[in-house]
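Structure, as structure tokens:
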Amino acid sequence: VGSEMGIRDRSDVVWSADDRHVFYTRLDDAWRPHEVWRHEVGTDPAGDVLVHTEPDERFWVGLGSSRDDRWVLIASASKTSSEVRVLAADDPTGIPRLVAARRADVEYSVEVAGTRLLITHNADDPDFDLAWAPITCTDANQWVPCDVRRPGERLLGVEAFTTFTAVSLRRDGLTALRVLPHDDAGPGGFGPGATHAASTSRSAQAKKSVNEVILWRIRPWSYQARPISPPPRTWASATTSPRSSKESRTTENHGSVGIS
């Protein structure tokens, strides 16, 4: 497919559920990802369809997929604002749906969790909060707050799995994960969360709830799979140098708990 489409001005690539279509971003003259196109395998690339375009030169376009590969995610983001669109991977010719329109100085990212969206945003606090919304969400007014951040913490993102959600955060200069068990009867779909510990010493760490794990010497992006928000804020490839083999081995040891 790469030789069929050419790769000169292409960036991210995501497949449809039936593997018959592939979505990709194109770069403008300034090497800014600004368009998302759809290609049908086996056809002439000249017939590819423009799915989304970003005319504002302050914004970059990122392309990714949900953890369960059921959704194609399209993000447009500047340094201070963002918005996300979702498209069912089994409906590749459909129209991407906007989760919430961009607002000045408001950044948000989306994680698909079954029939819900988990949204990390800074609409109310510069250290970011977590909210949930139905998968059909089209407006920020549908966001329901989830009380998972403790005083002095900064949320970095969330990753949803079958039985729990991992909240990545920074506290006291350390990177940490808070693991929230899923419980449909609980607020926001979560069961009892991790308790906040005032001390971050190694001895105190051993006494913490099993729901909270401190990741020592792990950079925030090390366990984030499929980042979709464009650079420069969240793309490791655009903001960091290549990891050493030691760092790579450390990341692999923690890969099961963490992420575009």
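Quick note: residue numbers are just sequence positions, from 1.
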For the atom pair [atom1] ([X]) and [atom2] ([Y]), what is the distance rounded to the nearest 0.5 Å?
X      : Y      : atom1 : atom2 : result
Leu87  : Arg97  : CG    : CZ    : 9.0 Å
Phe164 : Leu180 : CZ    : CG    : 10.0 Å
Leu174 : Glu153 : CG    : CD    : 11.5 Å
Ser82  : Trp60  : OG    : CH2   : 15.5 Å
Asp105 : Thr80  : CG    : OG1   : 5.0 Å
Glu111 : Leu130 : CD    : CG    : 10.5 Å

Would Val22 and Val14 count as a side chain to side chain contact (heavy atoms under 4.5 Å, CB included) here? Give the steps.
CA-CA 6 Å; Val22 59; Val14 172; over 6 Å; no
[X] versus [Y]: any side-chain heavy-atom pair under 4.5 Å?
X      : Y      : answer
Asp129 : Asn122 : no
Leu155 : Asp127 : no
Phe23  : Val51  : yes
His39  : Pro45  : yes
Trp15  : Val41  : yes
Thr138 : Val99  : no
Val72  : Ser65  : no
Phe59  : Ser81  : yes

Check this for me: does any side-chain nitrogen of one of [X] and [Y] sit under 4.0 Å from a carboxylate oxygen of the other?
X      : Y      : answer
Lys79  : Glu107 : no
Glu159 : Arg67  : yes
Arg149 : Asp125 : yes
Glu40  : Arg38  : no

Ignoring hydrogens and angles, tell me if any N or O in the side chain of Arg116 forms a donor-acceptor pair with the backbone of Gly114 under 3.5 Å.
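The answer is no, because no donor-acceptor pair under 3.5 Å joins these two groups.
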Side-chain donor/acceptor of His182 to backbone N/O of Thr162, under 3.5 Å:
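Yes, the answer is positive, given that a donor and an acceptor are paired below the 3.5 Å cut-off.
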Ignoring hydrogens, what is the shortest heavy-atom contact between [X] and [Y]? Give both atom names and the distance.
X      : Y      : answer
Gln142 : Pro134 : NE2-CG, 4.0 Å
Cys137 : Leu117 : CB-CD1, 4.2 Å
Asp139 : Ala100 : C-CB, 4.2 Å
Ala160 : Val112 : CB-O, 3.8 Å

CG (Asp56) with more than 12 external heavy atoms under 6.0 Å
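More than 12 within 6.0 Å, yes.
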Does atom CG (Leu50) have a neighbourhood of more than 12 heavy atoms from anything else shown, all under 6.0 Å?
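More than 12 within 6.0 Å, yes.
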From the options Arg26, Arg102, Arg85, select the one residue that forms a salt bridge (charged side-chain N to carboxylate O under 4.0 Å, His left out) with Glu54.
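The salt bridge (charged side-chain N to carboxylate O under 4.0 Å, His left out) with Glu54 is passed solely by Arg102 among Arg26, Arg102, Arg85.
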Residues in side-chain contact (heavy atoms from CB on, under 4.5 Å) with Asp29, at least two apart?
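Result, side-chain contact (heavy atoms from CB on, under 4.5 Å) vs Asp29: none returned.
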Distance under 6.0 Å and angle within 45° of ring axis: Arg178 vs Phe190
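Because its charged atom misses either the 6.0 Å distance or the 45° angle limit, Arg178 does not stack over Phe190.
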For Phe128, does the six-membered ring have the charged nitrogen or CZ of Arg154 within the cation-pi criterion, i.e. under 6.0 angstrom from the centroid and within 45° of the normal?
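Not satisfied by the 6.0 Å and 45° rule.
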So if you build clusters from Ile, Leu, Val, Met, Phe, Trp, Tyr with side-chain heavy-atom gaps below 4.5 Å, do Val84 and Val106 land together?
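The answer is no; the residues belong to distinct hydrophobic clusters.
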Hydrophobic cluster identity match, Val167 and Val144, side-chain contacts under 4.5 Å
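Linked within one cluster.
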For Trp143, enumerate each residue passing the ring-ring contact (aromatic ring centres under 6.0 Å, His included) test, keeping only those at least two apart in sequence or located in another chain.
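With sequence neighbours excluded, Trp143 shows a ring-ring contact (aromatic ring centres under 6.0 Å, His included) to Tyr108, His121, given in chain and number order.
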What residues form a salt bridge (Lys or Arg N to Asp or Glu O under 4.0 Å) with Asp28, not counting sequence neighbours?
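Checked Asp28 against salt bridge (Lys or Arg N to Asp or Glu O under 4.0 Å); matches are Arg32.
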Any chance the side chains of His34 and Thr53 put a donor and an acceptor closer than 3.5 Å?
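The answer is no; no qualifying pair exists.
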